[in-house]
Q: 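Please see the structure below; I have some questions.
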Number of protein chains: 2
Amino acid sequence: MNAPQPALELARFAPEPAPAPLADLVPFLAAERDLVPPVALTRRLAARAAIYRAGDTAEFTYEMIDGGAILWTMLPDGRRQILQMIGPGDVFGFAALDQHDATAVTTVTSRIRVVPIAQSTRSMAGQSMLLHQALDRIHALQAHALLLGRMTALERVAHFLLAAFRPSGPTDPLAKDDGGRIRLFVTREEIGDYLGLTIETVSRNLGKLRKSGIIALDHADRIRLIDRTGLAAIAVPAGDHA
Amino acid sequence: MNAPQPALELARFAPEPAPAPLADLVPFLAAERDLVPPVALTRRLAARAAIYRAGDTAEFTYEMIDGGAILWTMLPDGRRQILQMIGPGDVFGFAALDQHDATAVTTVTSRIRVVPIAQSTRSMAGQSMLLHQALDRIHALQAHALLLGRMTALERVAHFLLAAFRPSGPTDPLAKDDGGRIRLFVTREEIGDYLGLTIETVSRNLGKLRKSGIIALDHADRIRLIDRTGLAAIAVPAGDHA
DNA sequence: CGGCCGATTGAGTTATGTCAAAGCAAGTGG
DNA sequence: CCACTTGCTTTGACATAACTCAATCGGCCG
């Protein structure tokens, strides 16, 4: 469980030519950000592009129009925890009002609306919106803490799948195809880093769900949901508690 | 790792005579909450008293004046995850604007300031305060996700101790005595449920830190910090990452 | 003093991690 | 168009950290 090979880790997580964070791509905003309200613009990003990185000054909030991204923190030795899978409709980047404490990277080609933070915090409506977003985030993080601290690998994977099969509501990092079949836009490693597991454990437990007839894996990233009730039963283990 | 004995769990977590949530103790606030600003009052609670429970209507925010509390969620089968250890200065109870998604219980005799939510959200200053509190919470929950998902038992215990030995800043569930010696107000079980470990693992790793001369355990709940640097080195494993 | 509750310690089990070898698609260059 | 490379996934064999079960210890309170 301890320190992996640094060189390898570095190669894996540092997008090689180190693409400039989005904030750098829109420096002109710095001048405009104190002007009239609707100062916001939409940018298109390629897959695996950094939106911002831990340590960057937090100057903007972002809204995922379409596409997907992941948000993560990591330990100095490279162990990584993915904190959120960002999908259409999600607002992010407001975690701290000074410096980002995590890194956000797209998983697929995405369109993102960029809004200066100052603009959001100025109006009552903006503040209220941010507060609601923040409370949602707290709720989700608390649920995730329960998952990371107290659930088995199988339960975690079931949870992930259940979220993935939600009818394309906000916060899914994947697009739903036709009836019940989805395409995953995240690798096993990302699923593992989200669930606090290794890729092998993720793979084995997906296999277990396949063998028990709850899902079908047409291909590594094409999954069909066969037995939603069964999946839900695993995700939320019934207990005779009051 | 699965479902423990329900009867036992129930007995452990349900404060026997089921004390009324704080909200019930101050029903008169319901009438006053729309009046002039400084409608807020301080209440004193005994140790192990419920402040609110998951499912209760969220009508108030709370500020711990002095004392301590823990905040938790649990699975239907009784597995519990403690989400926060609340100490003097901490504001809590605002996690959702409709229903509480967690349960808050004092660990020691406490004084708590109770403020109607409506009052906090009305003014710009109140909203701004809540937003800041929420962002702090997000930051802490993200750090905790990294701990739960990616750290070893020893690292988790080291983290907990480091937080416990912080100079009585907000968010410690324990009071500092004299130089470097603290008294813990939480049981091993609570530490375990906070760190995603069992009591035995907590105990063994405290023992390990004791044997390596980093802390001294005068008594189960009296700890002396001998080597802060050593403790910090364990909590944040050095890595040669960029 | 005796009982009780929490903590510690020991012994054995197991879920998950680690290391390593294939397997499989998709892409690339000859 | 095919052989090769590449990157991700799957599967197997093995190691181990953490859990489980159980006994003992140690304050504390009546």
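Every value quoted in this text rests on a predicted model; they were computed, and no experiment measured them. Letters A, B, ... mirror the listed sequences (proteins, then strands); counts begin at 1.
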Q: Could you tell me the separation between the CZ atom of A:Arg48 and the C1' atom of D:dC8, rounded to a whole number of Å?
A: 12 Å

Q: What residues from residues 197-215 of chain B pass a heavy-atom cutoff of under 4.0 Å to DNA chain C?
A: B:Glu200, B:Ser203, B:Arg204, B:Arg210

Q: Quickly work out the B:Arg222 CZ to D:dG26 P distance and round it to whole Å.
A: 19 Å

Q: How close or far is atom C1' of C:dC24 from atom CG of A:Asp221, stated in whole angstroms?
A: 12 Å

Q: To the nearest angstrom, how far is A:Leu154 atom CG from C:dA15 atom P?
A: 11 Å

Q: Using whole Å, what does the distance between atom P of nucleotide D:dC8 and atom CZ of A:Phe185 come to?
A: 16 Å

Q: Verify side chain to side chain contact (heavy atoms under 4.5 Å, CB included) between B:Asp193 and B:Arg79, making sure each step is shown before the conclusion.
A: CA-CA 9 Å; B:Asp193 284 350; B:Arg79 279 174 283 170; over 6 Å; no

Q: How far apart are the closest heavy atoms of A:Ala102 and A:Leu83, and which atoms are they?
A: CB-CD1, 4.1 Å

Q: Take the protein atom NE2 of B:His219 and the nucleotide atom C1' of C:dA7, then report the distance between them rounded to whole Å.
A: 9 Å

Q: Testing A:Phe94, A:Tyr62, A:Trp72, A:Phe60 for ring pair (Phe, Tyr, Trp, His ring centres under 6.0 Å) with A:Tyr52, which one passes?
A: A:Tyr62

Q: Suppose we screen for side-chain contact (heavy atoms from CB on, under 4.5 Å). Which residues come up paired with A:Leu141, at least two apart in sequence or across chains?
A: A:Arg137, B:Ile138, B:Leu141, B:Gln142

Q: Does anything in residues 201-215 of chain A form a side chain to side chain donor-acceptor pair (under 3.5 Å)? List the pairs, not counting sequence neighbours.
A: A:Thr198-A:Thr201

Q: Which part of the nucleic acid does B:Gly192 contact within heavy-atom distance under 4.0 Å: base, sugar-phosphate only, or nothing?
A: nothing

Q: What is the distance from CG of B:Leu195 to C1' of D:dC19, rounded to the nearest Å?
A: 15 Å

Q: What integer distance in Å separates B:Met151:CE from C:dG17:P?
A: 16 Å

Q: Run A:Glu190 and A:Arg48 through salt bridge (charged side-chain N to carboxylate O under 4.0 Å, His left out) and show every step you take.
A: CA-CA 12 Å; A:Glu190 285 159 346; A:Arg48 309 285 153 187; 2.4 Å; yes

